[in-house]
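The structure appears below as structure tokens.
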Amino acid sequence: METEKTAQKKTLDINLAIIFGITLMAVLGVSSITPVFPQMMRELNLTDKQVALLITVFTLPGAVLTPFLGIAADRFGRKRILLPSLLLFGVAGGACGFARDYTVLLLLRFLQGIGGAALGSLNTTIIGDLYEGLQRVRTMGLNASVLSIGTAFYPLIGGGLATIAWYYPFLLPWLAVPLCLVVLKYLKNPEPKNNQALGSYLRSAWQAVKTREVLGVFISGILIFIILYGSYLTYFSIFLGKIFAASPFMIGLIMFSTSISTAAFSSQLHKINSRFNKKNLLMLGFAGYAASFFLIPFIPQIWLFFIPTILLGAVQGLNI
């Protein structure tokens with residue numbers, strides 16, 4: 001007969017698997033489609049800027065809506081925000097695979113971005129709800145590993161699917177629909193009871209983040225976001241396609257090396273942090289970004305791109 005302790009552990013294990021699924025959805029929207037950009041440009045007769053907008057319209061809702069969705073999740077409950085977010089992400093994102101008109105594709109990507117805006121923050125929030133102390137730290141680490149695995153393999157998967165047809169990687173978000181049903185039935189999360197007024201909530205949040213150190217971290221995060229989503233995830237694949245005529249799978253393989261390098265360095269971060277000053281590590285990380293992007297225009301052969309991409313992944317692992 002199942003004891004109460006065994007049943008509780010089983011519930012936590014199911015919850016953890018669901019959290020990992022949400023994390024994998026959160027990083028799906030960009031990394032799975034970037035290897036296909038050069039092929040899309042040829043098939044739909046798009047310019048560099050038009051392709052870049054597919055990233056912009058997806059990430060913009062997250063930049064604007066995430067704080068408000070976090071407040072809503074605190075006031076109304078995690079699942080009430082998570083379920084419609086997953087459903088919109090999956091339906092709108094999967095519909096991109098059937099769009100052949102650029103304007104329709106932009107609209108669907110924007111709707112998908114609205115759905116994805118809450119996913120990257122709610123998964124870690126739910127971890128905080130379910131776990132405490134050392135177990136919370138370990139779970140956060142496991143979730144970070146899952147995120148690294150997703151960002152590593154999605155370019156490979158997207159590049160492989162694109163060898164069949166350019167629009168196949170856009171079908172992957174449909175996986176969020178069955179995940180939505182799993183969340184509805186199986187996620188057992190203690191919902192918060194927060195009746196704090198919105199104005200008071202925002203004032204207390206501002207008090208927590210307005211220190212110079214925290215603002216510095218936020219600014220660093222914004223710069224890293226621009227570097228990754230602007231220069232790397234958007235234009236690097238276009239560069240490889242235009243200059244070296246790289247296939248989607250080859251682009252995915254090169255970008256795969258970045259994520260593997262990030263995962264490797266992130267896993268050793270506790271050892272690195274114990275030996276070196278964190279501020280110096282952050283400065284080293286930004287210097288590494290500059291060095292990796294400086295090397296790219298001078299690379300003569302495509303296989304040599306593994307040098308700057310592995311370096312980029314290493315410094316990203318430090319900055320995380």
* To do: Using a 4.5 Å cut-off on heavy atoms from C-beta on, say whether the side chain of I238 contacts that of V51.
  => yes

* Asked: Does the side chain of F286 come within less than 4.5 Å of L223's, by heavy atoms?
  -> yes

* Do F293 and I227 come close enough that some side-chain heavy atom pair is under 4.5 Å? -> yes

* Do F170 and F98 have ring centroids that are under 6.0 Å from one another? -> no

* Asked: Are T139 and L16 close enough, and set up right, to give a side-chain contact (heavy atoms from CB on, under 4.5 Å), and what steps lead you there?
  -> CA-CA 8 Å; T139 306; L16 187 59; 3.4 Å; yes

* Does the side chain of F20 come within less than 4.5 Å of L142's, by heavy atoms? -> yes

* Decide if atom CD of E213 counts as having more than 12 heavy atoms of other residues, nucleotides or ligands within a radius under 6.0 Å. => yes

* **Sub-4.5 Å side-chain heavy-atom contact between L82 and L119** => yes

* Strictly by modelled atom types, are S257 and T309 linked by a side-chain donor-acceptor pair under 3.5 Å? -> yes

* Asked: For the ring pair F256 and F153, is the centre-to-centre distance below 6.0 Å?
  -> yes

* Asked: What distance separates T124 OG1 from I22 CD1, expressed to the nearest 0.5 Å?
  -> 10.0 Å

* Any donor-acceptor pair under 3.5 Å linking the side chain of S85 with the backbone of A118? -> no

* Which value, rounded to the nearest 0.5 Å, describes the distance between T258 atom OG1 and F305 atom CZ? -> 11.5 Å

* Determine whether more than 12 heavy atoms belonging to other residues, nucleotides or ligands lie under 6.0 Å from atom CZ of F68. => no

* Could you walk me through whether R100 and Y167 pass side-chain contact (heavy atoms from CB on, under 4.5 Å), step by step? => CA-CA 9 Å; R100 301 296 179 268; Y167 47 85; 3.4 Å; yes

* To do: Step by step, work out the side-chain contact (heavy atoms from CB on, under 4.5 Å) result for L156 and M255.
  => CA-CA 8 Å; L156 274 180; M255 299 181 83; over 6 Å; no

* Structure fact -> OG of S31 to CG of L228, rounded to nearest 0.5 Å, is 11.5 Å

* Report yes if the side chains of V91 and W174 come closer than 4.5 Å at any heavy-atom pair, otherwise no. => yes

* **Side-chain donor-acceptor pair present, R109, Q112, cut-off under 3.5 Å** => yes

* Structure fact -> Separation between NZ (K185) and CD1 (I14), nearest 0.5 Å, reads 10.5 Å

* Evaluate the side-chain proximity of S121 to L69: yes if any heavy-atom separation is below 4.5 Å, no if none is. => no

* Heavy-atom side-chain proximity of L83 to L184 below 4.5 angstrom -> yes

* Asked: Mind checking whether Y232 and F236 have ring centres under 6.0 Å apart?
  -> yes

* CD1 of I243 to CD1 of I296: how many Å apart, nearest 0.5 Å? -> 12.5 Å

* To do: Give the C-alpha distance, both sets of side-chain angles, the deciding distance and a yes or no for side-chain contact (heavy atoms from CB on, under 4.5 Å) between N143 and M140.
  => CA-CA 5 Å; N143 192 61; M140 288 285 192; 5.7 Å; no

* **From L24 atom CG to L179 atom CG, the distance as rounded to the nearest 0.5 Å** => 9.0 Å

